[in-house]
Amino acid sequence: MSVSRHGRGEPLLFLTGFAISSAVFEPVLDLYASRFECILYEHRGGLMTSMPELAADAARALRSVGHSSAHVYGVSMGGMVAQELALRFPERVRGLVLAGTTPGGPRAFRPAAAELLRGKFLFSPQFRREHPERVRELLRYFELRPSSLWAHWWATVYHDTVSRLAQIQAPTLVMHGGEDVMAPVGNARLLASRIPGAELIIVPGAGHAFPLERPRESFEAVERFLDREIAPGRRRTGMVARAEPLTRAFGLPIGAARTGVSLAGLAADRLRRDHVATDR
């Protein structure tokens with residue numbers, strides 16, 4: 001695993017999005033490196049992986065540079081990895097920043113199929129209209145890595161943390177672009193409502209790639225949040241800790257099972273609502 005470090009200060013681990021390189025952080029790296037030691041690496045590719053495996057990779061990246069814990073900043077799919085990292089390895093996570101991401105599962109808010117097209121919907125209409133040259137410059141950082149497509153697709157399909165979000169120990173900042181159509185803003189509200197003590201910031205008028213669209217505003221919000229004494233969480237112990245490598249190895253079937261349970265719960269909720277409506 002190749003891990004790079006930039007700047008000096010408290011360690012801040014960046015987790016990039018679906019099938020794209022960590023180079024996507026380059027346009028704003030100088031901002032964050034002025035305050036933090038920024039740690040970047042690439043998610044694994046291949047034919048198949050899971051969020052638990054990607055979370056274990058993130059913990060391994062930290063250990064490889066000599067850090068037992070760090071602040072964690074996950075963007076889009078990287079925010080999914082960050083959730084799993086905070087759940088499985090709480091002792092590795094100090095402050096947690098979840099940017100433009102989702103808890104997944106059937107209770108998550110999904111975009112329309114047409115809105116999944118890469119490029120047009122990364123930035124807000126206003127930003128695309130007023131800064132077309134800048135948009136063209138930034139879009140080159142979102143080039144897909146074909147070797148990662150299938151693995152990341154499987155990992156995201158069976159990502160579902162809704163029932164476990166209350167277990168997150170890390171102080172959490174949930175950030176989202178108000179005009180995000182790739183990951184609807186309802187996901188941010190769902191995350192913030194389920195994670196104990198989470199702070200929610202909606203960046204008005206910004207799209208999915210709001211850290212690049214509104215770099216200074218986004219950085220200052222993260223800096224304010226992390227500019228305090230934050231200790232890592234408590235290490236998991238007992239059978240839960242001993243079983244972690246095993247559950248990681250079976251991340252996809254366990255994720256599928258969680259999705260099934262979530263679907264059943266969602267169906268039960270709808271039946272109850274329909275029953276109440278009928279009684280009225």
query = Considering only heavy atoms from C-beta outward, does the side chain of Glu91 approach that of Arg236 to under 4.5 Å?
reply =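 No, side chains not in contact.
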inquiry  = In the structure I gave you, are the side-chain heavy atoms of Phe127 and Val135 within less than 4.5 Å of one another anywhere?
reply    =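 Yes; the side chains approach each other to less than 4.5 Å.
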message = Strictly by side-chain hydrogen bond (donor to acceptor under 3.5 Å, both in side chains), give each pair with a member in residues 168-178 just once, sequence neighbours left out.
response =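 side-chain hydrogen bond (donor to acceptor under 3.5 Å, both in side chains) check on residues 168-178 returns His176-Asp180.
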message = Could you work out, with salt bridge (charged side-chain N to carboxylate O under 4.0 Å, His left out) as the rule, every residue matching Asp30, not counting sequence neighbours?
response =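 Scan of Asp30 (salt bridge (charged side-chain N to carboxylate O under 4.0 Å, His left out), adjacent residues dropped) gives none.
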Please set out all donor-acceptor pairs under 3.5 angstrom arising from side-chain atoms of residues 256-265, sequence neighbours excluded.
| unit_1 | atom_1 | unit_2 | atom_2 | d |
| --- | --- | --- | --- | --- |
| Thr259 | OG1 | Gly255 | O | 3.0 |
| Ser262 | OG | Asp160 | OD2 | 2.6 |
| Ser262 | OG | Arg258 | O | 3.1 |

inquiry  = Side chains of His67 and Ser69: any donor to acceptor distance under 3.5 Å?
reply    =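 Result is no, nothing qualifies.
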Working for salt bridge (charged side-chain N to carboxylate O under 4.0 Å, His left out), residues Glu37 and Arg5 = CA-CA 6 Å; Glu37 178 192 345; Arg5 294 188 284 179; 3.4 Å; yes
Could you list the donor-acceptor pairs under 3.5 angstrom formed between side-chain atoms of residues 188-196 and any protein atom two or more places apart in sequence or on another chain?
| unit_1 | atom_1 | unit_2 | atom_2 | d |
| --- | --- | --- | --- | --- |
| Ser193 | OG | Arg189 | O | 3.2 |
| Ser193 | OG | Leu190 | O | 2.8 |

query = So Arg94 and Glu229, salt bridge (charged side-chain N to carboxylate O under 4.0 Å, His left out) or not? Walk me through it.
reply = CA-CA 9 Å; Arg94 300 182 193 177; Glu229 191 73 26; over 6 Å; no
Side-chain (Ser34) to main-chain (Leu31) donor-acceptor, under 3.5 angstrom =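 Pair found, side chain donor or acceptor close to backbone of Leu31.
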task = Please name all residues satisfying ring pair (Phe, Tyr, Trp, His ring centres under 6.0 Å) with Phe250, sequence neighbours left out, ordered by chain then number.
result =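 Per chain and number, Phe250 pairs via ring pair (Phe, Tyr, Trp, His ring centres under 6.0 Å) with no residue.
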request  = Could you pull out all residues at least two apart from Ser21 that satisfy side-chain hydrogen bond (donor to acceptor under 3.5 Å, both in side chains)?
outcome  =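 For Ser21, the residues satisfying side-chain hydrogen bond (donor to acceptor under 3.5 Å, both in side chains) (neighbours in sequence not counted) are Glu42.
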